[in-house]
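Worksheet: one structure, shown below.
Whatever order the structure lists ligands and atoms in, that order sets their numbers, starting from 1. Because only heavy atoms are used, hydrogens play no part in the values below, and waters and symmetry mates are left out as well, while side chains stay in.
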Amino acid sequence: MVQRKYNFCAGPAALPEPVLEQAQAELLDWQGRGLSVMEMSHRSKEFIAIAEKAEADLRELLAVPDDYAVLFVQGGATAQFSAVPLNLLRGSAKADYLNTGQWSKKAIAEARRFCDVNVVASAENTNFSSIPEPSEWQTDNNAAYLHYTPNETIGGVEFHWLPRVSTPLVADMSSTILSRPIDVSQFGLIYAGAQKNIGPAGLTLVIAKRELLGNAHSLTPSTLNYQTIDDGKSMLNTPPTFAWYLAGLVFEWLKEGGGLEAQAHRNHQKATSLYGFIDGSDFYGNPVEPQSRSWMNVPFTLADAALDKTFLTEAEENDLLNLAGHRSVGGMRASLYNAVSMEAVEALMSFMRDFEQRHG
Ligand SMILES: *Cc1c(COP(=O)(O)O)cnc(C)c1O
């Protein structure tokens with residue numbers, strides 16, 4: 001008997017069990033072809049069918065408009081920190097960036113290699129516990145685009161609204177994509193590493209308005225050139241085939257589960273329960289302003305940080321894995337991505353209640 005534990009890892013994160021079971025069942029022999037997906041040519045008609053089905057399902061889930069390219073690339077979100085300015089500056093020397101946390105800061109630092117970054121607003125002075133009011137944002141009229149991080153995976157800060165700007169909106173959706181429906185037409189470009197809410201590490205999704213492509217800086221490597229990648233149907237070179245296949249299984253699982261509306265409902269319930277529990281206790285705390293709390297990543301602290309280690313050890317003894325906060329901030333963090341069930345959240349809260357009674 002396989003004994004799976006509750007996994008709250010921030011990434012690479014939990015995958016849906018039915019997806020892992022299907023991959024296991026098909027591992028040695030994919031649909032009677034006598035070989036695994038890992039062993040297929042990416043140019044074979046079998047793999048091309050897998051790839052096209054994954055793209056079609058993703059387009060359906062997110063209602064991606066036809067004038068948007070959907071790219072399956074490599075290099076993680078971190079490679080897109082460079083690819084975005086290389087592709088989207090289009091001759092401009094400036095870009096707007098919003099600073100709402102650790103991932104925003106990394107995107108900004110990388111963009112500074114390529115352009116003059118205008119930090120529109122920063123929440124650093126409140127230790128990233130809130131989102132700066134749009135009325136205070138200082139955008140630059142000459143900026144080629146505005147980049148932001150809709151969900152800060154480390155700080156647990158999420159936008160539950162869309163920024164309204166006149167330049168193309170670029171979003172690092174690594175830890176929030178597919179958690180709820182979004183209006184893709186409001187974005188110039190969306191990117192997301194797969195290992196949080198899409199599939200295994202090694203794959204990265206880019207969804208881009210085609211009219212913005214085709215003007216990359218002349219020094220852009222072809223593996224980072226969105227137009228070149230789109231022309232090559234994301235098969236300029238060998239793509240991460242197994243990760244692409246697994247992402248496709250995740251998209252099928254999401255469709256069978258009622259799509260993103262249903263997923264949003266479940267995610268909202270999971271997050272609301274956990275925040276409600278934390279707020280109702282004097283022992284646990286969450287520093288983020290209530291209207292900007294992330295549905296996907298819930299950081300929390302104990303009243304006495306000296307108990308952190310004991311908390312994590314006992315949690316693990318109770319089959320609750322990967323609850324340590326990011327190494328840069330400490331404390332705890334429970335990531336509640338799509339594949340994390342309400343049952344897992346209830347098991348966590350029950351452990352937290354018991355821990356508080358024994359140590360509080
Ligand atoms: C995880 C994460 C990244 C980094 O992703 P890599 O795949 O490791 O490059 C970037 N941005 C956000 C918001 C993330 O959650």
Item to check | His147-Tyr97 aromatic ring centre distance below 6.0 Å | outcome: yes
Item to check | Nearest-contact summary for atom 11 (N) of ligand 1 - protein heavy atom, Å | outcome: Asp172 OD2, 2.6 Å
Checklist entry - For residues Gln263 and Arg266, is any side-chain donor paired with an opposing acceptor at under 3.5 Å? => result yes
Checklist outcome for this item: Ranked by distance from atom 15 (O) of ligand 1, the top protein heavy atom is Thr153 OG1, 2.4 Å
Item to check | Min heavy-atom dist Gln195 to ligand 1 below 4.0 Å | outcome: yes
Item to check | For atom 9 (O) of ligand 1, the protein heavy atom that lies nearest, with its residue and separation | outcome: Thr78 OG1, 2.5 Å
Checklist entry - What residue and atom, counting heavy atoms only, is the protein's closest point to atom 14 (C) of ligand 1, and at what distance? => result Lys196 NZ, 2.9 Å
Item to check | Among Asp140, Asn142, Asn141, side chain to side chain donor-acceptor pair (under 3.5 Å) partner for Lys94 | outcome: Asp140
Checklist entry - To the nearest 0.5 Å, what is the distance between CH2 (Trp103) and CG (Asn151)? => result 12.5 Å
Next on the checklist: Heavy atoms only, cut-off 4.0 Å: how does Glu152 contact ligand 1, side chain, backbone, both, or neither?
Outcome noted: neither
Checklist entry - So, Lys233 and Glu52, do they make that salt bridge, N to O below 4.0 Å? => result no
Item to check | Ring centers of Phe351, Phe311 separated by less than 6.0 Å | outcome: yes
Checklist entry - To which protein heavy atom is atom 5 (O) of ligand 1 closest, and what is the distance rounded to 0.1 Å? => result Ala77 CB, 3.7 Å
Item to check | contact_flag Ser174 ligand 1 heavy-atom lt 4.0 Å | outcome: yes
